[in-house]
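The sequence lines fix the lettering, A, B, ..., with proteins before strands; numbering per chain opens at 1. The model shown is predicted, which means the values in this text are computed figures rather than measured ones.
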There are 2 protein chains.
Amino acid sequence: METTKRILDELKTNGFRRSAAREALLRTLETAQSPLSVPDIERRLASGPRSFNKTTVYREIEFLKTAGYVSELTLRNDVALYELAGPHHHHLVCVDCGTVRDVAVKEESWECEERRIEKKEGFRVLDHSLEFFGLCGSCQ
Amino acid sequence: METTKRILDELKTNGFRRSAAREALLRTLETAQSPLSVPDIERRLASGPRSFNKTTVYREIEFLKTAGYVSELTLRNDVALYELAGPHHHHLVCVDCGTVRDVAVKEESWECEERRIEKKEGFRVLDHSLEFFGLCGSCQ
DNA sequence: CACTATAACGCAACTCGGTTGCGTTTGTAA
DNA sequence: TTACAAACGCAACCGAGTTGCGTTATAGTG
Ligand SMILES: [Mn+2]
Ligand SMILES: [Mn+2]
Ligand SMILES: [Zn+2]
Ligand SMILES: [Zn+2]
C-alpha cells in the first residue's frame, strides 16, 4: 500500500512537484478497484474535498502515463480507461454490466507464437493486448 | 472475389435493397487492403463517382456490422476501424506507420486457458481480442 | 407502366471525449 | 523571501459519432 506516496516521492527526486491534483488523482486510481475513465475520475474528485479542471486531469494522466505510473486500457471503442501500472496482465470485460477485472494468463504458451510471427512475418513485436469479453458471475 | 455482389444478393433475399451507398461502401471495404475508419471511407467514396453523407456511412456500417458482414476493430483508443468480416483472426499493428496486417495465430495453445478462466474465475468467455503492436518490416 | 410501401438518404443540430493556447497560480529549492 | 518553472484554470476548439425528421429512391404489385 501507499503506492501514491511512493510515486510522489520518486517523482520529487526527479524534479516534479507534489501537487494537490497529482496526489488526489493517484489516490483515486489507487483506491479504485477497476480501471477508470477520465469522466469517472473527474466525478470522484468532484465528490471529494475539491475538484479539478478536466484539462488538468487529462494532462496529469498523460504525464503519469509517460512516466510509466499509469497504463491506458482500450476496450471495444469505449472511452479510454486508466489504472495504476503494474505487472503486465489482461482483463475480463463483462459485455453486460461493463465491469473490468484483472486476470492472470499464462503467456509462455504463446510467447513462442510471437517469435514465430517475428520470423515469418518480419514484424518486430514490442507489445500486445489481450482482453476477454463475456459474462461475469452476476450477469450469466 | 465479388464478395460485394454475394453480400448484396444475400441481403436482397432478406428484403434489403441494393442501394448505391451500400454497394460503394462494400466495394471500398473489399478493395481496401487494410481496415478503414469511417473518415477513411468517406474520403475514398468522395474521390469516386459520388460521395455520401457521413450519417449514411455510419448507419450503413452499423447495419452491415449487425448483419455480420463487417467487423469492427479497436486499437489503442484510436478511431474505430472496419473490415469485411472473415474468419476469426488477429492483427499486427505498426506503432510507427500505423499499418494494420492480418496475422494467423494458433489459438489451440490457449483455448484451454479460456476454459481455465471460465472455471476458476466464474466468467463466461464469449469472445476475445488479441492484437500485436510493434514495428513492420519497413519501419524497423 | 404507374402506384405504393418502406428502406435508405441528406441535412442540420447536437453530444461528448479529448486538445490547445495562454495567462495565472503554486510548489520548491536557493 | 525570492525567483523560476511546474502545474493549473479557463475558454475556445476539434472531430468522431448520434439523433430527429423530412425527402428520395428501390423493388414488389397490379
Ligand atoms: Mn488491470
Ligand atoms: Mn483483419
Ligand atoms: Zn457483468
Ligand atoms: Zn510500419
Measure distances between side-chain N and O atoms of [X] and base N and O atoms of [N], and say whether any donor-acceptor pair falls under 3.5 Å.
X: Arg22(B); N: dA8(C); value: no
X: Arg17(A); N: dT26(C); value: yes
X: Arg59(A); N: dG18(C); value: no
X: Ser19(A); N: dT26(C); value: no
X: Thr55(A); N: dA11(D); value: yes

TODO: Hey, which sits more toward the 5' end of DNA chain D by its nearest nucleotide, Ala20(B) or Phe63(A)?
DONE: Phe63(A)

Are [X] and [N] close enough that a side-chain N or O sits under 4.0 Å from OP1 or OP2?
X: Thr56(A); N: dG9(D); result: yes
X: Arg50(B); N: dG10(C); result: yes
X: Tyr58(A); N: dG18(C); result: yes

How long is the line joining [atom1] of [X] and [atom2] of [N], in whole Å?
X: Glu42(A); N: dC16(C); atom1: CD; atom2: P; answer: 13 Å
X: Ile61(A); N: dA7(D); atom1: CD1; atom2: P; answer: 14 Å
X: Leu64(B); N: dC9(C); atom1: CG; atom2: P; answer: 10 Å
X: Phe52(A); N: dC10(D); atom1: CZ; atom2: P; answer: 12 Å
X: Leu11(A); N: dT28(C); atom1: CG; atom2: P; answer: 11 Å
X: Arg18(B); N: dT24(D); atom1: CZ; atom2: P; answer: 24 Å
X: Lys54(B); N: dA8(C); atom1: NZ; atom2: P; answer: 21 Å
X: Asp78(B); N: dG17(D); atom1: CG; atom2: P; answer: 10 Å

- [ ] Find the distance between CZ (Phe123(B)) and OG1 (Thr99(A)) and round it off to the nearest 0.5 Å.
- [x] 7.0 Å

Task: Sidechain N-carboxylate O distance under 4.0 Å for Glu114(A), Arg124(A) - done: no

- [ ] Could you pull out the closest heavy-atom pair between Ser129(B) and Phe133(A), with the gap in Å?
- [x] OG-CE1, 3.8 Å

Open item on the list: Ignoring hydrogens, what is the shortest heavy-atom contact between Leu75(B) and Val100(B)? Give both atom names and the distance.
Closed with: CD1-CG2, 3.9 Å

Open item on the list: Does any part of the side chain of Asp127(B), heavy atoms only, come nearer than 4.5 Å to the side chain of Val95(A), both counted from C-beta?
Closed with: no

